[in-house]
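A quick write-up on the structure given underneath.
Below, each value reflects all heavy atoms present in this structure, side chains not excepted, and no hydrogens, waters or symmetry copies. In what follows, chains are A, B, ... by sequence order, proteins preceding strands, each numbered from 1. Here the structure is a predicted model, which is why all the values come from computation and not from measurement.
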There are 4 protein chains.
Amino acid sequence: MRTRDDKKQEALFLATIKLVNEIGFASSSVSKIAKAAGVSPSTLYIYFKNKEDLLVSTYYEIKAGMGQAMLNGFDDSRPVRDIFHLVWRNAFAYAVENQDEFRYVEQFSNSPYAGLADAVIIKESFEPITRVIRRGIEQKIIKDVSMDMIAAFMLHPIKVLANPNHCGQFEPTEENINTAFQMAWDALKL
Amino acid sequence: MRTRDDKKQEALFLATIKLVNEIGFASSSVSKIAKAAGVSPSTLYIYFKNKEDLLVSTYYEIKAGMGQAMLNGFDDSRPVRDIFHLVWRNAFAYAVENQDEFRYVEQFSNSPYAGLADAVIIKESFEPITRVIRRGIEQKIIKDVSMDMIAAFMLHPIKVLANPNHCGQFEPTEENINTAFQMAWDALKL
Amino acid sequence: MRTRDDKKQEALFLATIKLVNEIGFASSSVSKIAKAAGVSPSTLYIYFKNKEDLLVSTYYEIKAGMGQAMLNGFDDSRPVRDIFHLVWRNAFAYAVENQDEFRYVEQFSNSPYAGLADAVIIKESFEPITRVIRRGIEQKIIKDVSMDMIAAFMLHPIKVLANPNHCGQFEPTEENINTAFQMAWDALKL
Amino acid sequence: MRTRDDKKQEALFLATIKLVNEIGFASSSVSKIAKAAGVSPSTLYIYFKNKEDLLVSTYYEIKAGMGQAMLNGFDDSRPVRDIFHLVWRNAFAYAVENQDEFRYVEQFSNSPYAGLADAVIIKESFEPITRVIRRGIEQKIIKDVSMDMIAAFMLHPIKVLANPNHCGQFEPTEENINTAFQMAWDALKL
DNA sequence: GATGAATGAGTGTTCATTCAT
DNA sequence: CATGAATGAACACTCATTCAT
């Protein structure tokens with residue numbers, strides 16, 4: 001079950017994401033994913049224990065990448081608002097450039113597999129960000145609310161705006177992105 | 001002939017929503033839904049043309065109820081912020097009380113069936129609300145942004161906060177709800 | 001199970017023949033036939049005991065009409081060859097004008113229902129013709145072979161020639177029909 | 001990997017032919033055919049794309065064998081009548097010895113699948129025969145009629161005579177076969 | 001007499017997974 | 001390591017027929 005050829009594992013991740021986006025979670029069968037990745041269905045079972053393992057691993061893989069992308073250029077010593085701005089822009093850029101990954105996460109979160117993903121593992125990659133937010137709250141720059149509420153107004157609107165399925169009208173021009181950020185910041189700031 | 005039993009159609013709607021919540025969109029098969037509704041799978045096809053018809057109809061059914069719930073007590077003559085407050089509280093109340101319906105809509109929107117639902121039909125029930133928002137923009141109370149962005153900061157956070165799956169910590173106490181509303185309003189207001 | 005409205009029975013016969021021709025024996029379901037006839041599936045069961053009864057009755061109905069058509073203008077006192085000519089032309093005309101009925105008989109004969117049709121009932125309507133042929137054999141005009149062989153060279157070629165599915169090229173012009181008859185007669189005559 | 005078992009494909013062909021003969025085209029379901037062949041229904045889909053592919057392939061398989069059987073001992077240099085005699089006897093022998101195959105072809109031709117078989121592929125295997133017939137026409141031995149009419153009087157009577165379902169009385173004795181051939185030849189010869 | 005509602009059994013087909021090579 | 005063959009269980013859906021009105 002463990003691996004030699006990392007390219008095949010990578011190909012399976014990509015094929016999974018691509019297929020889930022194209023034909024949906026329900027129709028993405030193991031054999032279709034394997035074919036899309038250019039391997040035999042039985043080969044897939046060398047790299048992953050079963051379908052569930054494949055889907056959950058793909059989820060982890062994306063989340064790790066997302067966390068990294070959001071921390072791009074992260075500098076703890078800068079003022080809270082600046083860090084926040086950076087992180088938000090990073091998140092938005094990622095969402096626009098990696099729509100397939102974003103949509104996969106969305107579908108995964110609403111699937112019966114969601115419960116199988118370990119929330120703690122995920123939260124780890126976002127730890128630096130939560131730390132900054134706590135600092136913002138202490139410094140009375142940000143409203144004193146739970147992390148869930150922060151995320152609800154900071155990140156979830158991004159999910160919607162970046163998804164052309166949900167938002168026919170929204171164009172990610174520099175001006176619009178700035179306005180969107182301003183709204184997010186207005187929601188959070190004291 | 002036997003007369004058509006509206007209770008069965010209703011039972012099928014409810015079973016669909018319940019099952020999608022319990023086991024997810026992908027695993028909700030026609031036969032499972034039929035069994036949950038207490039009818040034979042073939043009976044389902046008397047009330048709906050096929051699975052797609054069942055899922056889309058269920059979506060319409062929920063959306064209509066949601067639109068109605070949000071407009072509860074709606075009074076066009078009141079100030080924009082008051083109307084907005086009412087609608088937001090209505091939406092939040094609906095989301096908390098009808099979590100299954102809310103989650104169904106969420107999953108439906110992220111499924112390949114989403115494209116089959118007529119957006120125009122849906123938008124109609126929300127028309128009074130969009131009218132008020134436009135008034136708010138004209139009166140320079142609300143930021144001059146597209147309807148999509150309004151929704152992204154006004155409604156989507158509700159989706160997250162009301163979903164205990166997403167938000168382990170958030171408790172819908174009166175205080176928390178007011179804070180959440182304040183955040184939404186801060187995002188939108190000029 | 002017995003009838004009042006002969007029009008409905010007739011409509012069911014016609015719908016059966018039409019559907020079997022259009023979509024084949026296998027796909028011609030009771031409900032489709034009923035719908036094509038403009039009645040409810042359950043109404044069909046007032047006129048016929050079950051699907052088998054409907055199909056066999058339709059077969060009888062057609063065979064009776066075919067027998068009648070072939071005997072059109074039949075005159076026992078005329079010479080054998082003339083009668084034979086008349087009957088053959090009648091048969092050919094029927095086959096061309098009633099292709100659907102012809103094809104239904106063909107499909108029925110090759111279906112599992114075939115065994116259920118009583119051969120004796122069918123043979124009765126062809127009795128006058130067999131009598132003439134026996135006379136022809138006695139008068140040493142026709143080869144002394146079994147009735148099956150007569151039919152094989154007299155009637156079955158008609159089946160093929162009249163079916164455009166089998167015979168792309170054959171055009172039923174007066175000349176071609178006469179040639180075909182000549183071939184049939186050459187086969188039979190001494 | 002397990003190696004593909006040609007015996008299974010063959011078993012499926014045979015089961016298809018056998019079942020279509022026993023219970024008819026209409027009732028021959030994929031699962032019944034698979035069971036008769038001793039494989040799982042899903043295994044069938046490894047060897048054939050779908051039911052249509054199975055049925056059409058079976059048709060091709062039979063037609064190829066039939067063409068070969070008819071050409072057994074074929075010698076272009078012999079006189080037209082002798083070749084014709086040989087081919088006709090070959091065809092008759094095949095029809096008697098392979099009644100199931102013959103009946104399958106019959107039923108297939110009258111099914112909605114008929115249109116899916118490529119007529120050109122089929123005609124190829126009969127090419128040598130059509131060549132001889134054309135020679136017979138040029139030499140004024142055979143009537144100058146279309147190939148369809150030749151087939152109608154040469155081959156189709158065989159279909160009927162060899163099928164005991166259609167012909168209770170006809171016994172394939174040497175004498176009867178010769179008489180039948182004589183009738184076919186009388187029909188064709190000038 | 002006539003009908004739409006209702007259903008268990010069946011349709012063709014795909015599924016996730018294991019097996020043998 | 002890699003794979004195509006193999007399958008029991010499930011899929012969405014239709015069937016012939018009966019039931020209640």
Side-chain angles (χ1 to χ4, degrees), chain A residues 1-5 8 26-35 38-55, chain B residues 1-6 8-9 26-34 38-55, chain C residues 1-5 8-9 26-35 38-55, chain D residues 1-9 26-34 38-55:
Chain A
M1 187 222 123
R2 210 59 326 228
T3 158
R4 179 75 48 95
D5 188 347
K8 276 187 182 145
S27 307
S28 294
S29 69
V30 167
S31 50
K32 283 181 194 159
I33 292 172
K35 179 180 279 187
V39 301
S40 158
S42 27
T43 303
L44 188 149
Y45 285 84
I46 297 169
Y47 294 87
F48 301 97
K49 226 174 60 209
N50 51 28
K51 192 185 186 182
E52 174 191 314
D53 184 25
L54 167 67
L55 296 175
Chain B
M1 61 149 182
R2 287 190 206 166
T3 80
R4 190 196 186 93
D5 188 350
D6 274 354
K8 275 189 182 139
Q9 179 146 349
S27 310
S28 294
S29 71
V30 167
S31 53
K32 284 179 193 159
I33 292 173
V39 302
S40 154
S42 32
T43 303
L44 188 149
Y45 286 87
I46 296 168
Y47 293 87
F48 301 96
K49 228 174 62 217
N50 48 31
K51 190 185 185 182
E52 175 190 314
D53 185 26
L54 167 66
L55 296 176
Chain C
M1 187 221 123
R2 210 57 327 226
T3 159
R4 178 73 51 92
D5 188 347
K8 274 186 183 148
Q9 180 149 19
S27 309
S28 294
S29 69
V30 167
S31 50
K32 282 181 194 159
I33 293 172
K35 180 180 279 185
V39 302
S40 158
S42 27
T43 303
L44 189 149
Y45 285 83
I46 296 168
Y47 294 87
F48 302 96
K49 224 173 62 211
N50 50 30
K51 192 186 186 182
E52 174 191 315
D53 185 26
L54 166 67
L55 296 176
Chain D
M1 60 150 181
R2 287 191 206 168
T3 81
R4 191 196 185 95
D5 189 351
D6 274 354
K7 276 193 187 143
K8 270 183 187 147
Q9 179 147 345
S27 310
S28 294
S29 71
V30 166
S31 51
K32 285 180 195 157
I33 291 173
V39 301
S40 153
S42 32
T43 302
L44 189 150
Y45 285 85
I46 296 169
Y47 293 88
F48 301 96
K49 230 175 61 219
N50 49 30
K51 190 186 187 184
E52 175 191 314
D53 185 26
L54 167 66
L55 296 175

Between [N] atom [atom2] and [X] atom [atom1], what is the distance in whole Å?
| X | N | atom1 | atom2 | result |
| --- | --- | --- | --- | --- |
| Q9(D) | dA5(F) | CD | P | 11 Å |
| F48(A) | dC1(F) | CZ | C1' | 15 Å |
| D53(B) | dT14(F) | CG | C1' | 17 Å |
| L44(D) | dT14(E) | CG | P | 12 Å |
| I46(C) | dA2(E) | CD1 | P | 5 Å |
| I33(B) | dC11(F) | CD1 | P | 10 Å |
| D6(D) | dG4(F) | CG | P | 17 Å |

Review point. Do the side chains of P41(A) and K35(A) get nearer than 4.5 Å, heavy atoms only?
Key: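 No, their side chains stay 4.5 Å or more apart.
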Check your understanding: Atom NZ in K51(C), atom CG in D53(C): separation rounded to 0.5 Å?
Key ->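 K51(C) NZ to D53(C) CG: 13.0 Å, rounded to 0.5 Å.
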Review point. Nearest 0.5 Å, what's the CD1-NZ distance between I46(D) and K8(D)?
Key: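 Between I46(D) CD1 and K8(D) NZ, I get 8.0 Å after rounding to 0.5 Å.
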Exercise for review: For N50(A), check side chain to side chain donor-acceptor pair (under 3.5 Å) against everything at least two apart and list the hits.
Suggested key: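 Applying side chain to side chain donor-acceptor pair (under 3.5 Å) to N50(A) gives none.
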**Study point:** Results of side chain to side chain donor-acceptor pair (under 3.5 Å) for S29(C) - residues two or more places apart only
**Key:**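 Residues passing side chain to side chain donor-acceptor pair (under 3.5 Å) with S29(C): S31(C).
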Review point. Of all the choices, dG4(F), dA2(F), dT7(F), which nucleotide is nearest to the side chain of S40(A) once you look at every atom?
Key: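 Selected nucleotide (nearest to the side chain): dG4(F).
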Check your understanding: Tell me, which stems hold DNA chain F, with a stem being 3 or more Watson-Crick or G-U pairs in a row and both distances under 3.5 Å?
Key ->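 Result, WC/G-U stems under 3.5 Å: E:2-21 with F:2-21.
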Exercise for review: Going 5' to 3' through nucleotides 16-21 of chain F, assign each nucleotide B (protein heavy atom under 4.0 Å from a base atom), S (under 4.0 Å only from sugar-phosphate atoms) or - (no protein heavy atom that close).
Suggested key: SBBBBB
Point to revise | Where S28(A) and I33(A) come nearest, the two heavy atoms and their spacing | key: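 S28(A) and I33(A) have their closest heavy atoms at O-CD1, 4.0 Å.
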Practice item. Would you indicate what Y47(D) reaches in the nucleic acid, counting non-hydrogen atoms under 4.0 angstrom: base, sugar-phosphate, or nothing? Key: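 Sugar-phosphate, no base atom in range.
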Review point. Who are the ring-ring contact (aromatic ring centres under 6.0 Å, His included) partners of F48(D), not counting sequence neighbours?
Key: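 F48(D) satisfies ring-ring contact (aromatic ring centres under 6.0 Å, His included) with F13(D) once adjacent residues are dropped.
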Point to revise | Pairs meeting criterion side chain to side chain donor-acceptor pair (under 3.5 Å) with involvement of residues 39-49 of chain B, two or more places apart | key: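 Listed by first then second residue: S40(B)-S42(B).
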Exercise for review: Please check the phosphate of dA5(F) (OP1 and OP2 only) for any side-chain N or O of R4(D) closer than 4.0 Å.
Suggested key: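 Indeed, a polar side-chain atom of R4(D) lies that close.
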Exercise for review: Report yes if at least one side-chain N or O of K8(A) is closer than 4.0 Å to OP1 or OP2 of dC1(F); otherwise report no.
Suggested key: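 No, outside the criterion.
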